[in-house]
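In what follows, a structure is listed as structure tokens, so that the remarks can point back to it.
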Number of protein chains: 2
Amino acid sequence: MTEHLRRNTRFDGTAISVLGARLHHLSESDREAMRHLNVVHRFVGRRRALIAEGEVIGRVRILCKGWATRSRRLDNERRQILDFVLPGDIIGLHVDAAGASICDVDALTACEVGEVSLDALERVAMQNSGVAAGLRHYMARQLTQANDQILRLGRMSAYERLCSLLLEVYDRQRPLAMTAGAVDFPITQTTVADMLGLSVVHVNRQVMRLRREGLVTLDRRQLVIHDPEKLAQVACHRDRGFSRRPSLFMAAE
Amino acid sequence: MTEHLRRNTRFDGTAISVLGARLHHLSESDREAMRHLNVVHRFVGRRRALIAEGEVIGRVRILCKGWATRSRRLDNERRQILDFVLPGDIIGLHVDAAGASICDVDALTACEVGEVSLDALERVAMQNSGVAAGLRHYMARQLTQANDQILRLGRMSAYERLCSLLLEVYDRQRPLAMTAGAVDFPITQTTVADMLGLSVVHVNRQVMRLRREGLVTLDRRQLVIHDPEKLAQVACHRDRGFSRRPSLFMAAE
DNA sequence: CGGGATGTTGACATACATCAAATGGGGTGG
DNA sequence: CCACCCCATTTGATGTATGTCAACATCCCG
């Protein structure tokens, strides 16, 4: 099941190594403990549901391959995508007090997920402080992403929202990106509309504008951002997580 | 459910008991362990900052008394309130990888907070599974609230947003509410506007409409919702967290 | 008792939604 | 390989929810 021979387990595609690549600061013993988790891999076709709202979640899923969306419906006409789920992300943490999922998770492309018992994962976290810290930071990052989305929807124009979203998709893939500049973008404009709380038609107009201005190249597969700085400026992204400022000047107190 | 909570130390006002009332399923030994935490209480006046964006957070604050907002600014003109912070909420969990706050937290009223070392809290959580579970559930609840906010901003009309927000404020206080129907509402319409991504003027129009329809009574101090069911229906709040459906029918699989 | 925040209302401006229709592309089946 | 169809993209014309500006009323708080 596990191939010990690979030194860098990052890209072997099993759920645990994909997740391990996402959680930072794991010690070797943390990783070792996680490798003992029992994982069931499963494949799900494009447009199929990974999790439906209300479903009780006993096992979390780690996305190994493909993209998914987390979304909620207001009624049959209106749905809102909460965020995109990329490889390494954990599916099934957004639950209510009873353990039922508060949102739908749907495969945007064909997906491979690894299922892990939530209890087992929590036990590993209790015994390995690095895993616990990793999961806490992961949750914090999810909260940050949700906040970014709130900012987009609450106070940005359509054009700014699009810039901000493209930048997020770009930045989330940078640590993994192989080909210079180009990142995956298996996303239809309808999907973007549901993400940004806009109509498809209006999304298209903003996409056209970005193209006319030569800032991006994108289709249903790939996204290239030609001028990330300009985009960040439009979207008021002061901090893009890579060129982090020292932040020591502003100490607490 | 609300009854047995009332028996313990919930209302003595110290940070730990206020927090303990918020975290569910704590055993007596969990509570005992938390009582050993070193807490420094502090008072902050209305409109003062509790935490500024970028500030490195070594000690989390537990809000004991008063209300606060978590917000982010796009520029000097535009700010977006992410959520309201009520007594029992933890301030300082929304941090980046470097431990710096990603948002401002400002006192909406005079506030009392209890400061606890983040490290110490994490140590207690590592040794008391109930505390760890409580904090995990707390984080999950924060994520749910963020998702509600995303839904409001992304796909609801101004009127629906207001109904949804009032209902959230109402529901978050129900477990504590003393006076029948009335809950605290120390919130100006300008604040509501910054929360809902609307202009003050437009918020006022929607408030006026709700009043005309006899659905609510509200001023800068109190909120009374006369017909919660109607409001929930308008805001498409299918699940308000109290009359939870069994949710066993929809098992995983 | 004043003065700066807050609330309220009307007139007008605009960003975005909606409707409609043409174009294009990628599977699928013949 | 073509024909077909469905889904996605693109563009224009028009409608509407919400923003902006302005004026006044009201409430706090010092």
Side-chain angles (χ1 to χ4, degrees), chain A residues 45-47 69 74-81 106 108-110 152-166 185-213 216-223 234, chain B residues 45-48 69 74-81 106-110 152-166 185-213 216-223 234:
Chain A
R46 183 172 134 92
R47 283 171 192 283
T69 57
L74 264 187
D75 47 47
N76 281 335
E77 312 300 297
R78 297 179 289 180
R79 82 161 186 161
Q80 175 66 43
I81 294 178
D106 300 299
L108 217 43
T109 70
R152 271 194 286 269
L153 298 177
R155 287 301 186 198
M156 286 188 188
S157 70
Y159 182 66
E160 292 167 329
R161 288 184 212 187
L162 182 58
C163 291
S164 172
L165 178 65
L166 294 182
F185 196 76
I187 294 177
T188 169
Q189 291 185 6
T190 307
T191 304
V192 172
D194 279 341
M195 179 83 175
L196 297 183
L198 299 167
S199 67
V200 202
V201 175
H202 203 64
V203 165
N204 180 264
R205 293 203 171 95
Q206 307 311 312
V207 170
M208 291 286 101
R209 175 174 167 193
L210 274 176
R211 285 186 181 134
R212 237 181 294 120
E213 297 171 327
V216 307
T217 303
L218 85 169
D219 56 26
R220 250 168 292 180
R221 310 207 192 85
Q222 276 201 329
L223 161 69
V234 170
Chain B
R46 183 172 134 92
R47 283 172 193 280
R48 316 293 290 195
T69 58
L74 265 187
D75 47 47
N76 281 337
E77 312 300 296
R78 296 179 289 180
R79 83 162 187 161
Q80 174 66 43
I81 294 178
D106 300 299
L108 217 43
T109 68
R152 271 194 286 268
L153 298 177
R155 286 301 185 198
M156 286 188 189
S157 69
Y159 182 65
E160 292 167 329
R161 288 184 211 185
L162 182 58
C163 290
S164 172
L165 178 66
L166 294 182
F185 197 75
I187 295 175
T188 168
Q189 292 185 6
T190 307
T191 304
V192 172
D194 278 342
M195 179 83 175
L196 297 183
L198 299 167
S199 67
V200 201
V201 175
H202 204 63
V203 165
N204 181 264
R205 292 198 177 97
Q206 308 310 313
V207 170
M208 289 287 102
R209 176 174 167 194
L210 274 176
R211 284 185 182 137
R212 236 181 295 118
E213 297 172 326
V216 307
T217 303
L218 86 169
D219 56 26
R220 251 169 289 179
R221 310 205 194 87
Q222 277 202 326
L223 161 68
V234 170

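First the proteins, then the strands, lettered A, B, ... as listed; each starts at 1.
Between A/L218 and A/R211 there is a side-chain heavy-atom pair separated by less than 4.5 Å. Looking only at side-chain heavy atoms (C-beta outward), A/L162 and A/R209 stay at 4.5 Å or farther from each other.
In this model, the phosphate group of C/dG7 is not approached by any side-chain N or O of B/N204 to a distance below 4.0 Å at OP1 or OP2. The side chain of B/T188 places no N or O atom within less than 4.0 Å of a non-bridging phosphate oxygen (OP1 or OP2) of C/dA5. For B/R221 and D/dC28, the shortest distance from a side-chain N or O to OP1 or OP2 is below 4.0 Å. Within the 4.0 Å cut-off from OP1 or OP2 of C/dA5, not a single side-chain nitrogen or oxygen of B/T190 is found. Look at B/Q189 and you'll find a side-chain N or O under 4.0 angstrom from OP1 or OP2 of C/dT8. The phosphate of C/dT8 (OP1 or OP2) has a side-chain N or O of B/R211 nearer than 4.0 angstrom.
Comparing D/dC21, C/dT6, D/dT11 by their closest approach to the side chain of B/R46 singles out C/dT6. In the set C/dT18, C/dC16, C/dT9, the nucleotide with an atom closest to the side chain of B/V201 is C/dT9. Counting only heavy atoms from C-beta on, B/R220 has its side chain closest to C/dT6 among C/dT8, C/dT6, D/dG12. Nearest nucleotide to the side chain of B/R47, out of D/dT18, C/dC16, C/dT6: C/dT6.
Protein atom CG of B/L162 is 14 Å distant from nucleotide atom C1' of D/dT18, rounded to whole Å. Between the CG atom of B/D219 and the C1' atom of D/dA25 there is a distance of 17 Å, rounded to whole Å. At whole-Å resolution of the value, NE2 in A/H202 and P in D/dG15 are 18 Å apart. Atoms CZ (B/R209) and C1' (C/dT8) sit 18 Å apart, rounded to a whole Å. Counting to the nearest Å, the P atom of C/dA15 and the CZ atom of A/R155 are 16 Å from each other. Protein atom CG of A/L198 is 14 Å distant from nucleotide atom C1' of D/dT18, rounded to whole Å. Computed from coordinates, the A/L153 CG to D/dT18 C1' distance equals 16 Å when rounded to whole Å. To the nearest angstrom, C1' of D/dA17 lies 16 Å from CE of B/M156.
In plain terms, the two heavy atoms of B/R79 and B/D106 that are nearest each other are NH1-OD2, 4.2 Å. Of all the heavy atoms in A/A158 and A/H202, the pair that sits closest is CB-CD2, 3.5 Å.
In summary, of the residues considered (B/M156, B/M195, B/E160), a side-chain contact (heavy atoms from CB on, under 4.5 Å) with B/L165 occurs for B/M195 alone.
Counting distance only, with no hydrogens placed and no angle test, the side-chain atoms of A/R205 and the base atoms of D/dG12 include a donor-acceptor pair under 3.5 Å.
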